[in-house]
Amino acid sequence: MAALTRTPAALVAGTLLSTLAITTLPAPAVAFVDPADTVFVNEIHYDNAGTDVGEAIEVAAPAGTDLTGWSLVLYNGSGGAAYTTLALDGVVADQGGGYGTLASNLASNGLQNGSPDGIALVGPGGVEQFLSYEGSFGAVGGAANGLTSTDIGVAETGVEPIGGSLHLTGTGDTYGDFSWSATTTSSFGAVNAGQTFTTDGPAVPVASCPGTLTTTAGTPASADVSATDADSAIVTIRITSAPVAGITLTETDPPGTARLDIAATTAVGSYPVTIEFVTDDDPQQTASCTIAVTVEAPPAMVKISEIQGHGATTPLDGQDVVVSAVVTSLFTSRDVLDGFFVQEEDVDADASIATSEGLFVFCRGNCPADLLVGDLVEVRGEADDFNGMTQINASPSAGGVITTVSRGNALPTAVEAALPAGASTRAEATYEPIEGMVVTFTVPLVVTEYFELARFGQLVLAAGDRAYQFTHDNAPDPAGSSAHLAALDTRRIYLDDDNNDQNDAISDGPGEPYPYPAGGLAVDNRVRSGDRIDELTGVMHWSFAGFAPNAWRVRPIQGRDYTFTSTNPAPAAPAPVGGTLRVARTTSSTSSRPSTRRPAIAARAARRAPSTAAAPTRRPSWPSSRPRSSPRWRRWTPTWSASSRSRTTTAHRRRRSSTPSTPPRHQAATRPSTPAPSAGTPSRSP
C-alpha cells in the first residue's frame with residue numbers, strides 16, 4: 001500500500017482550510033514475515049520498571065525440530081544495524097499439540113528498548129522472520145540486509161513489573177494463527193498462557209540443510225540434507241531451483257535424507273540451490289531449504305621462490321597457494337608420513353640467490369600414502385611460517401590438496417653449502433637463502449659428537465678436524481674459549497634422520513635400526529669421533545636441535561648412501577700406561593689399640609720357618625704410636641659443566657693428600673644447556 005503524507009495545512013476548529021495534497025512515496029521493501037511459518041518468535045521481554053532483568057526471546061517450533069544452526073540477529077532501529085547474534089541449538093521437545101519452545105536468555109539490558117528495534121529469526125535457508133517492536137525499520141547489513149521489519153503491534157514502555165513479557169496467544173500451528181498480547185506473566189521455555197498448539201490436518205515437514213557450501217573449481221564437494229515429518233514419511237526430495245551443470249541431488253538412506261553433490265567440473269559462480277521435501281500425506285505437505293553454493297576460482301600457480309621471498313618470512317603468509325615441484329625428502333612421525341620437502345625443477349628456478357627454491361609441506365592427516373622422492377606433485381594449501389621455517393600447510397584444516405603428476409623425476413641440482421659458514425649454523429639467517437633446498441657440502445666432514453644419536457637420530461659433523469674442548473690444547477682463558485666456541489659454531493652441522501621422534505629405534509621397534517651408520521648401529525658397525533663423510537648431500541632444514549634451540553640440519557634423501565669412512569678405529573687392546581701399582585693391606589678393624597694377636601701371629605710364623613734360618617723380624621706397617629683406622633676415601637663423580645653441557649670426569653682420590661688424576665680428553669663439541677623437550681615430536685611438524 002502506498003504511503004500517504006499531507007502537506008502542512010492550517011486547521012481551524014477541526015476544519016481543513018487548505019487543499020489536501022496526496023503524495024505517493026516509493027514503496028519500502030516487503031516486510032519479511034510469513035503467516036505460514038511453523039518456526040517463529042513466540043515471546044519477548046525487553047523492558048520493565050527499574051533495571052531490565054529477565055530479558056529473553058523464545059522460539060516455537062514443531063516437536064523434533066533441530067534448531068542447531070539457527071540464530072536470532074538483534075537489530076537497532078536507529079540506523080538499522082545488527083548489534084548482537086544469539087546462536088540457537090538443541091532439539092525442540094513436545095510441550096503439547098506436537099509443538100514446543102526454546103528460549104534464549106540475555107544479560108541485563110542485553111535487549112535494546114525499542115522505538116524501534118527488531119529481531120531477525122535466521123534459519124539454514126536464510127531469514128525466516130524479521131519482527132520489530134515500537135515501530136518498523138529497514139535493516140542495514142547482516143542477515144536481514146535490505147528487509148523491512150514487521151511491527152508486532154504491542155510494546156513494553158518501561159513501567160511494567162518485573163517478570164512480564166510480550167507473547168503470542170491463540171490456537172493453531174503456524175505464526176499466522178496467533179496474535180501478540182500485551183505484557184502478562186512470562187513463560188519462557190513453556191507454552192504461553194492463552195496459547196494452544198493444534199495439529200489439525202497433516203503435520204508440516206521440517207527441513208534441515210546447511211546454509212552454505214563452498215568449494216574450488218576442480219575440487220568436488222558435497223553436503224547432507226534431510227527432513228522429518230511428525231505424522232507421515234518423506235517420499236520425494238528434489239531440487240526446485242534452476243538447474244546447474246554439475247550440481248546434483250542423490251537420495252540416501254535412511255528415507256528423508258539426500259546428498260547434494262558439487263562436481264569438480266562445476267563452473268565458477270554462486271548458486272542458490274533450493275531443495276524441496278514432499279510427504280505422503282493427503283494432501284501432500286512440503287518443506288524447502290536453500291543452500292548458498294559457491295564455486296571459487298582456484299588460486300593461481302606460484303613459484304616457490306615467490307612464497308619464500310627475500311626475507312626471513314613468507315610475503316604470502318595466510319594466502320591460498322598452489323605450487324608444482326619435485327619431492328626431495330620425506331618426513332615422518334612415528335613411521336607415518338607427516339610432511340615432505342619439495343623444490344622447483346631447475347628450469348623453474350629464478351635467478352636470485354636470495355630466494356630459496358625449496359620448502360616444507362606439512363600434510364599431517366592428508367599425506368599421500370604412496371608418495372616417493374622424485375614425484376612431481378601439485379600442492380595446494382596455505383603459505384605460512386612455522387618455527388622460522390617457510391612451509392605450505394596442506395593439512396585438512398587448511399583445505400590442502402596434493403596431487404601426484406608424475407614419478408621418477410630427476411632431483412634438482414644440489415647447491416653448494418659453505419662450511420665453515422659465514423656465521424653460526426645456529427643462526428637462522430645463515431642458510432636462509434637455501435632453506436628447504438637440496439645441498440651438498442664439498443668439504444669432508446668428520447663426526448664430532450654422537451651423544452644424541454640414539455635419542456634423536458642425529459650426529460654433529462664438523463668441517464676440518466675433530467672438535468676438542470678449548471683447554472685440550474690451551475691454558476684456561478675466557479676470551480680464548482669464547483673465540484674457540486664462536487669458530488666452532490661456524491663449522492659444524494647436524495646430520496639428522498627423517499623425523500623428530502625421540503628414541504625412535506626402541507619406541508617404534510623393536511628392532512628398528514638406528515639411522516647412522518649405514519646398516520644400523522651395532523657392535524661391529526659403529527660410528528666414532530673423527531669418522532669422515534665426503535660430499536654430504538641432503539635437504540637443508542631449520543628445525544629443533546635436541547637439547548639446544550633450533551639449528552640448521554641436513555635431512556637425508558631417501559635412497560642415498562650415508563656411509564662414513566673410519567679414520568679413528570677402536571684399538572684392539574688398551575695401550576700400556578706405564579708406572580707401578582702398590583697395594584696396601586687394609587683391615588676392617590676400627591680399633592684404636594694395637595692388636596693383641598700380633599705376637600701370636602709372629603710366633604706361628606717363626607715356627608713355620610726352616611730350622612736353619614732365623615725368623616725375620618716383621619715390622620708393623622704403621623707406627624705403633626699411631627692408632628689403626630680405616631683409610632679415608634673421597635669419591636669424585638662425573639659432573640656436567642653448567643656452561644657447556646660437556647661431561648667432565650674427575651678420577652677417584654684415594655686419600656686427602658693424593659693428587660687428582662688428569663681428566664680424560666673429549667672430542668665432543670660443547671653443547672648448549674637448553675633442556676630437551678618433554679615430547680617426542682613438536683605439536684606440529686616444522
Side-chain angles (χ1 to χ4, degrees), residues 32 34 36-40 59-73 87-92 98-100 102 120-129 143 173-174 202-217 219-281 283-296 396 399:
F32 209 83
D34 183 357
D37 282 336
T38 57
V39 180
F40 49 85
V59 174
T65 302
D66 187 353
L67 292 179
T68 302
W70 291 65
S71 61
L72 295 166
V73 182
L88 304 180
D89 65 80
V91 177
V92 176
Y99 263 74
L102 187 148
L121 175 62
V122 183
V127 177
E128 298 291 337
Q129 286 186 312
D173 60 0
T174 63
V204 176
V206 178
S208 177
C209 304
T212 61
L213 177 58
T214 302
T215 188
T216 302
T219 303
S222 63
D224 294 327
V225 299
S226 63
T228 58
D229 187 72
D231 60 2
S232 64
I234 306 296
V235 294
T236 303
I237 308 176
R238 58 196 174 203
I239 295 176
T240 58
S241 54
V244 177
I247 298 181
T248 57
L249 187 69
T250 303
E251 292 194 42
T252 57
D253 289 326
T257 64
R259 186 184 65 248
L260 181 67
D261 292 311
I262 314 301
T265 56
T266 307
V268 173
S270 297
Y271 310 102
V273 179
T274 300
I275 301 172
E276 183 181 62
F277 301 85
V278 183
T279 71
D280 61 357
D281 293 307
Q284 288 184 322
Q285 304 296 302
T286 63
S288 299
C289 59
T290 300
I291 302 175
V293 175
T294 302
V295 180
E296 300 175 339

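Just so it is clear, the structure is predicted and the values come from calculations on it, not from any experiment.
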* Asked: Are any side-chain N or O atoms of Gln129 and backbone N or O atoms of Val127, one a donor and one an acceptor, separated by less than 3.5 Å?
  -> no

* Asked: Which heavy atom in Ala287 sits nearest to a heavy atom in Pro205, and how many Å separate them?
  -> CB-O, 3.3 Å

Taking only distance into account, with no hydrogens and no angle test, what donor-acceptor pairs under 3.5 Å do side-chain atoms of residues 237-251 form with protein atoms, sequence neighbours excluded?
from	atom 1	to	atom 2	distance (Å)
Arg238	NE	Glu276	OE1	2.7
Arg238	NH2	Glu276	OE1	2.7
Ser241	OG	Thr274	N	3.0

* Keeping the roles fixed (side chain from Asp229, backbone from Ser232), state whether a donor-acceptor pair exists under 3.5 Å. => yes

* Set of side chain to side chain contact (heavy atoms under 4.5 Å, CB included) partners for Ala61, sequence neighbours left out -> Val39, Thr65, Val92

* Asked: Quick one: CD1 on Ile291 to OG1 on Thr212, what's the gap to the nearest 0.5 Å?
  -> 9.0 Å

* Heavy-atom check, side chain of Val225 versus side chain of Pro210, under 4.5 Å -> yes

* To do: Give a yes or no on whether the backbone of Val278 and the side-chain of Thr236 come within a donor-acceptor separation of less than 3.5 Å.
  => no

* Contacts of type side chain to side chain contact (heavy atoms under 4.5 Å, CB included), residue Ser208, not counting sequence neighbours -> Ser226

* side chain to side chain contact (heavy atoms under 4.5 Å, CB included) evaluation trace for Leu121 with Asp37 -> CA-CA 11 Å; Leu121 175 62; Asp37 282 336; over 6 Å; no

* Closest non-hydrogen atom pair, Ala207 against Ala227 -> CA-CB, 3.9 Å

* Asked: Could you go step by step and tell me if Leu67 and Asp89 meet the side chain to side chain contact (heavy atoms under 4.5 Å, CB included) rule?
  -> CA-CA 5 Å; Leu67 292 179; Asp89 65 80; over 6 Å; no

* Structure fact -> residues 261-272 vs side-chain hydrogen bond (donor to acceptor under 3.5 Å, both in side chains), sequence neighbours excluded, gives Arg259-Asp261

* Run the side chain to side chain contact (heavy atoms under 4.5 Å, CB included) check on Val293 and Leu260 step by step: do they pass? -> CA-CA 10 Å; Val293 175; Leu260 181 67; 4.2 Å; yes

* Asked: Within a strict 4.5 Å, meaning less than it, do heavy atoms of the Trp70 and Pro124 side chains meet?
  -> yes

* Backbone N/O of Ala60 and side chain of Tyr99: donor-acceptor pair under 3.5 Å -> no

* Structure fact -> Sorted by chain and number, sequence neighbours left out, side chain to side chain contact (heavy atoms under 4.5 Å, CB included) with Val268 holds for Ala217, Ala297

* Asked: How far apart are the closest heavy atoms of Ala221 and Leu213, and which atoms are they?
  -> CB-CD1, 4.3 Å

* To do: Applying side chain to side chain contact (heavy atoms under 4.5 Å, CB included), run through Thr257 and Asp224 and close with a yes or a no.
  => CA-CA 7 Å; Thr257 64; Asp224 294 327; over 6 Å; no

* Structure fact -> Residues at least two apart in sequence or cross-chain that pass salt bridge (Lys or Arg N to Asp or Glu O under 4.0 Å) with Asp280, listed by chain then number, are none

